[in-house]
Amino acid sequence: MIPVFLKNTTKRLEQGLCPYILILVHMVLGTALVYISPRSNLAFLVLITSFFSLYSFKADRRFKLAAGMVLTLLIFPVVGVRNIFYLEVIFQISVFSALALGLNIVVGFAGLLDLGYVAFYAVGAYLWAFFGSQQFYILHFAPGTQPSHLPFLLPGDAFYLFVFVAILVAALTGILLGTPVLRLRGDYLAIVTLGFGEVIRVLANNLDKPLNFTNGPQGITPIQQPTMPQVAVDGFNALFGRVVGHTVSPADMYNVMFYLFALAVIIIIIFVTRRLDDSKIGRAWTAIREDETAAIAMGVPLVRMKLAAFAVGASFAGVMGVLLAGSRTFISPESFSFMQSIGVLSMVILGGSGSIPGVILGAATVTILNLQVLQGLSLYLSQLRQTDAVIPIINFAWANLSSQLDPAKYQRLLFGLILILMMIFRPAGLIPSQRRKREPASDEAEAKEYHGTP
Amino acid sequence: MKRFLKSINIRELLRPIGQMILFSLGSTIVLSVIVLLLALILDRTVVGQTLIERLNVSLFTYTLVNLPQVAIDGLTIGFVYAAIALGYTMVYGVLEFINFAHSEIFAVGAFVGVEILIALEKFGILSNASLVMAYIYLILAIVAGMLAAGALAVTVERVAYRPLRHASRLVPLISAIGVSFLLQDVIRLTESLTSGQFNRIMPTFGNFDHRILFGKMAMGATQITLGVSIKSIIVIVSAVLMLVGLNYLVNATRIGKAIRAVAQDHSTASLMGIDVNRIISLTFLVGGMLGGAAGVLYALKFTRIDPFVGFFPGLKAFTAAVLGGIGNMTGALLGGIVLGMLETYAGSFMGVFTMGAAGTEYKDIFAFSILILVLIFRPQGLMGENVAQKA
């Protein structure tokens, strides 16, 4: 009775103008809620999820495109400038979406498990950090002993050049690493890439002697940003000043600018991935992913195709690294730990490896869980600690709770749970990729047939 | 009694001991010769001169005097790696799968052992304990660590790996990575809820920190004492005992035969009446127990543990397993000893040889460089057979 009712309702919702109205209502509702209560996480969630309804309802593509552009180019920046924390969340979502989309090429398309993906991100970040700061003149000084008032090596606008340099350098690093190790079978490759990620991190930590390249654990700062035209700040103020409620400073505009950069990278990645997916290379990758031996037999140049996947994935990470160095003006080896690699991997796995909307959904979910839910819990717990509240049945006072218990630091728990649960219950991800859907028989049925009853 | 003695396969008891002595001596001699040769070459260069200015001693003497201590340290850590590596290699042998969570099973073993000792210390039992009792308590801690780690390994297999046994290769590996991350934070959560901090210190008791001294050697103006700490002896002896026991279990008992059969071919083994699932659980149990014991020994040697303590030893033990030839037990033993030695030699002498440009801080990535080199030039490892890659 209820399923039939639900089916009828969903069918009715997909007819005529219904989806358009629903999408618009969701968007307007989200914007209004965020506008009314700019500090509410819930309101922000409603706004963010309007992307989901935009994706899931059937509507005209041009309408979807226009609505998406309004959301990302207009509503998000304005809402973000109004409450800078939202902008941070949106920026991180877009950075991690780009990273996850890059890793998706390696893991989702070519089926190569790369556990050191963040290494390429670090290569890009340190590339711009070295050339975009005073580090060149500090080469002969130990960390912390450099004289003040050193010149910058390059002007801030060289940032744009280094976005392209990073593509080359990261791709080259990927090829250099990949050439020896891509001959290995999948699980060895995973461990070697993990090792490579650690090597890069240890190098970043220790290359402050004999020549001070990375400034060691203290990291490099300040890193230059490209110049921000005054016109942009003034224009933004004139257009949205009244909605925002306060005059926008250039620092805020930088955040918006880097968010837009990240968005541009995402769009380029999506474009490239979609073109590649159904090209000769994409088909070769799928063949490698499904069965290496059969792929070789079909004449797929195995190592070259794997290298291509590795290099493409690496280059996107490199670009995002430059972006990170520019937006943060500070980088340190901390940001490139193994946990970050696993975080990006869990985004890909959660959303569905090989599926573009899935990966973006995964990145958004994990980032929001990380930034809002875990930190919200931390805040809530620390508030509870200051009250006299008591857990009813076991009679435990919240105030006695150890201050070490800080949910915001339990990202590993989150990533671990995501990986295990997804692998056991939904290995194809929340939004499985189209190609997987197209496959005639499910792998599971085949496996059972082949191995007999488990 | 006689029949019991007769049923013991003496050869299988002696063989691993012989191997261990061979591997330890072999790697010590080879590495020492290499290091001494390097020292002789560098002695004439600016490296030697800097050292003479600093310590008033030639590089060759410096190296020679430090060698015995370095060799013993290397051997100690090498046996710990070997014990962990065996856990990886046994699971790989049976399931062809890298049990990524093994490093956290090691950490759990360490935590259980250390927590028990801390509790004993709190009740004042440890400080009043006689020497014999101190050893009994240590053995108790090791056994508890083994049991906890073994139980955990079996549970992890049952919950996170068994449902995925027929999925494609990467699926259980990703699940294992998830388990590894989950366990790290579970340890941290439990520790911070119960004890309020997650860095635990092994209590000092018994005579484990004493050093047996052999004498003194002059090094320039200073003197260096030669000695072995009792800790190191305990670590080496317990590791040797466990490794011998494991070797006996696998090579000379019915259960061992079943394990080897399952490693060769699941379906045929199952046709021969072997309960494959039980044997796989058993493999995880044995591997986990070894890992847990190694964890307590590691805590004894390095004193301080934290929830992430398993990561590097785990990765290095995996490297050791690959170096020796993954799936091959003798190989894991060899790989562990060689890797521990290599790492300690590199960590101790690289700083002097490169005039401080690269020192101990690169010790951790040294293992990875070895891993990459091995995988490029000899993917089957030192002792592995060249098996065709299975898809």
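The figures here come from the full heavy-atom set of this structure, side chains too, leaving out hydrogens, waters and symmetry mates. It should be emphasised that the depicted structure is a prediction, and the values quoted were computed from it without experimental measurement.
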Quick one: what part of [X] sits under 4.5 Å from any heavy atom of chain A, side chain, backbone, both or neither?
X      : answer
B:F312 : side chain
B:F308 : side chain
B:L164 : side chain
B:R162 : neither
B:F377 : neither
B:V322 : side chain
B:L173 : side chain
B:L371 : side chain

Most contact-rich option vs chain A, by heavy-atom pairs under 4.5 angstrom, among B:L189, B:T194, B:T354, B:V159, is B:L189
Of all of B:L183, B:V179, B:L375, B:L315, which one pairs up most often with chain A through heavy atoms under 4.5 Å apart? B:L375
What are the two closest heavy atoms between A:I191 and B:F100, and how far apart are they? CD1-CE1, 3.7 Å
Among residues two or more places apart or on two chains, list those pairs meeting salt bridge (charged side-chain N to carboxylate O under 4.0 Å, His left out) that have a residue in residues 105-116 of chain A. none
Test ring pair (Phe, Tyr, Trp, His ring centres under 6.0 Å) applied to B:F181 and A:F338, step by step: CA-CA 11 Å; B:F181 262 58; A:F338 177 50; 5.6 Å; yes
Please flag which part of [X] lies under 4.5 Å from any non-hydrogen atom of chain B: side chain, backbone, both or neither.
X      : value
A:L194 : side chain
A:L113 : both
A:L207 : both
A:M422 : neither
A:L421 : neither

B:F368 side chain near A:V202 side chain, heavy-atom distance below 4.5 Å: no
Side chain to side chain, B:Y81 and B:T319, heavy atoms closer than 4.5 Å: no
Just one of B:V171, B:I280, B:V156 clears the side chain to side chain contact (heavy atoms under 4.5 Å, CB included) bar with B:Y161, so which one? B:V156
Distance check, rounded to the nearest 0.5 Å: A:L112 atom CG versus A:R289 atom CZ? 11.0 Å
Ion pair B:R165/B:E157, N-O distance below 4.0 Å: yes
Counting heavy-atom pairs under 4.5 angstrom with chain B, the leader among A:N206, A:V181, A:V192 is A:N206
Can you confirm whether A:Q218 is buried at CD, in the sense that more than 12 heavy atoms of other residues, nucleotides or ligands lie under 6.0 Å from that atom? yes
Short question: side chain of A:N104, backbone of A:V348 - any donor-acceptor pair under 3.5 Å? no
